[in-house]
**Student:** 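Before I ask anything, here is the structure I am working with.
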Amino acid sequence: MCKFKISALTFIATFGLSATANAEPAVLASDDFVGISFWIISMGTLAATAFFFVEKTSLVSAWRTPLTVSGIVTGIAFIHYIYIRDVWIQTGDLSTVYRYIEWLITMPLQMIVFYLILSVLRRVSNGMFWRLLIGTLVMVIGGYLGEAGHIPTMLGLVIWMAGWVFILYEVFSGEAGKTAAKIGSKPVVAAFSTLRMIVTVGWSIYPLGYIFSYLTGGVDVNSLNVIYNFADFVNKIAFGLVIWTAAVSSGGRSR
Ligand SMILES: *C/C=C(C)/C=C/C=C(C)/C=C/C1=C(C)CCCC1(C)C
């Protein structure tokens with residue numbers, strides 16, 4: 001009987017799994033706040049990914065791309081957090097290198113969203129796309145090389161700052177900023193300025209957390225990770241929600 005076979009398989013699988021799980025008792029402790037914050041941000045990014053991918057199907061085609069990219073960002077973050085949480089639970093140790101890998105992929109994608117949003121209503125130049133992409137890559141690669149000790153820390157800081165100033169200039173006063181100013185759609189203008197604030201204020205949480213933990217003597221990796229996880233809620237999930245709101249309120253729904 002089919003039902004019996006399924007029950008038997010379930011039994012064997014459950015038994016087999018619990019036997020292997022017993023071999024290595026690495027579970028999330030109830031007072032492990034770093035682990036719990038990774039758990040919460042994993043679930044948040046999972047929910048956001050599902051939401052963006054489902055919602056995009058009811059948008060007119062021009063609005064789908066920015067929301068797809070937002071879903072890719074939260075999806076990539078989700079997989080990283082699952083992995084980082086496991087590393088944390090098993091070793092009690094965290095290296096920022098895992099975050100840098102995630103930043104290397106997600107930060108440029110997020111900056112490209114600025115270009116994509118403007119492209120919904122206007123023809124925008126390829127130059128803007130490349131400036132946003134390269135500026136963000138300079139920022140994260142410079143920061144990494146400095147922090148990993150491949151170049152002097154100060155030089156890394158200067159490169160990272162230069163990249164940040166460059167992309168902020170582009171979205172405030174450069175071609176992207178100027179295009180947004182005359183785009184003539186309230187929801188798009190509102191979304192564009194909120195996203196700009198996220199990249200200015202929300203993104204500054206990482207360097208501030210980083211500098212603060214240095215000033216308070218040695219890097220406290222634990223609180224740094226809780227702060228970064230909190231920041232990611234705003235910078236990744238709220239970021240995508242801003243785009244979704246703009247799409248829906250500018251009549252981007254196809255039904
Ligand atoms: C979704 C993830 C986001 C938006 C990550 C943003 C990360 C930063 C703004 C990181 C900044 C830093 C560098 C690029 C190098 C030096 C160290 C940091 C953390 C200040």
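Whatever order the structure lists ligands and atoms in, that order sets their numbers, starting from 1.
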**Student:** Can you check side chain to side chain contact (heavy atoms under 4.5 Å, CB included) on Y100 and E147, steps first, answer last?
**Tutor:** CA-CA 10 Å; Y100 271 98; E147 214 200 309; 2.5 Å; yes

**Student:** My understanding is that we take every heavy atom of each candidate and find the minimum distance to atom 19 (C) of ligand 1. Doing that for F239, Y144, W164, Y228, which one comes out nearest?
**Tutor:**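 Considering heavy atoms of F239, Y144, W164, Y228, the nearest to atom 19 (C) of ligand 1 sits in Y228.
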
**Student:** Under the ring pair (Phe, Tyr, Trp, His ring centres under 6.0 Å) rule, what do Y169 and W164 come out as? Steps first, then yes or no, please.
**Tutor:** CA-CA 8 Å; Y169 176 82; W164 198 19; over 10 Å; no

**Student:** Should the proximity of Y100 to ligand 1, defined as any heavy atom under 4.0 Å, be assigned to the side chain, the backbone, both, or neither?
**Tutor:**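 Within the 4.0 Å criterion, Y100 contacts ligand 1 through side-chain atoms alone.
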
**Student:** Taking side-chain hydrogen bond (donor to acceptor under 3.5 Å, both in side chains) as the criterion, tell me which of D232, T49, T106 meets it with T74.
**Tutor:**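 Filter result, single survivor: T49.
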
**Student:** Heavy atom under 4.0 Å from ligand 1: found in D232's side chain, backbone, both, or neither?
**Tutor:**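 Under 4.0 Å from ligand 1, D232 contributes side-chain atoms alone.
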
**Student:** If the cut-off is 4.0 Å to any non-hydrogen atom of K236, which atoms of ligand 1 fall inside it?
**Tutor:**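 Close to K236: 1 (C), 2 (C), 3 (C).
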
**Student:** Which residue supplies the protein heavy atom nearest to atom 3 (C) of ligand 1, what is that atom called, and how far is it?
**Tutor:**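 The closest heavy atom on the protein side is Y206 OH, 3.6 Å.
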
**Student:** Can you tell whether the side chains of K236 and E102 come within less than 4.0 Å, N to carboxylate O?
**Tutor:**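 Yes, charged N to carboxylate O under 4.0 Å.
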
**Student:** Which atoms of ligand 1 sit under 4.0 Å from any heavy atom of P207?
**Tutor:**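 Answer for ligand 1: 20 (C).
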
**Student:** When rounded to the nearest 0.5 angstrom, what distance separates CD1 in I167 from CE in M107?
**Tutor:**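 Atom-to-atom, I167:CD1 and M107:CE are 6.5 Å apart.
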
**Student:** Could you tell me whether a side-chain N or O of T136 sits under 3.5 Å from a main-chain N or O of P108, the two making a donor and an acceptor?
**Tutor:**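 Not a single qualifying donor-acceptor pair exists.
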
**Student:** Considering the heavy atoms of M139, write down every atom of ligand 1 situated less than 4.0 Å from one of them.
**Tutor:**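 What qualifies from ligand 1 is 9 (C), 14 (C).
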
**Student:** Identify the closest protein heavy atom to atom 4 (C) of ligand 1: which residue and atom is it, and at what distance?
**Tutor:**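 So the nearest neighbour among protein heavy atoms is W203 NE1, 3.1 Å.
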
**Student:** Just let me know how W160 lines up against ligand 1, side chain, backbone, both or neither, with a heavy-atom cut-off below 4.0 Å.
**Tutor:**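 Looking at W160 and ligand 1, just side chain atoms fall under 4.0 Å.
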
**Student:** Do any N or O atoms from the side chain of R131 and from the backbone of E170 form a donor-acceptor pair under 3.5 angstrom?
**Tutor:**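 No; zero donor-acceptor contacts below 3.5 Å.
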
**Student:** Run the contact test for R99 against ligand 1 with a 4.0 Å cut-off on heavy atoms, strictly below, and give the result.
**Tutor:**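 It does not; every heavy atom stays at 4.0 Å or beyond.
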
**Student:** Indicate whether any N or O donor in one side chain lies under 3.5 Å from an N or O acceptor in the other, for N229 and Y81.
**Tutor:**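 Per modelled atom types, N229 and Y81 side chains form no pair under 3.5 Å.
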
**Student:** List ligand 1 atoms under 4.0 Å from G143, heavy atoms only on the residue side.
**Tutor:**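 Matching atoms, with element in brackets: 15 (C).
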
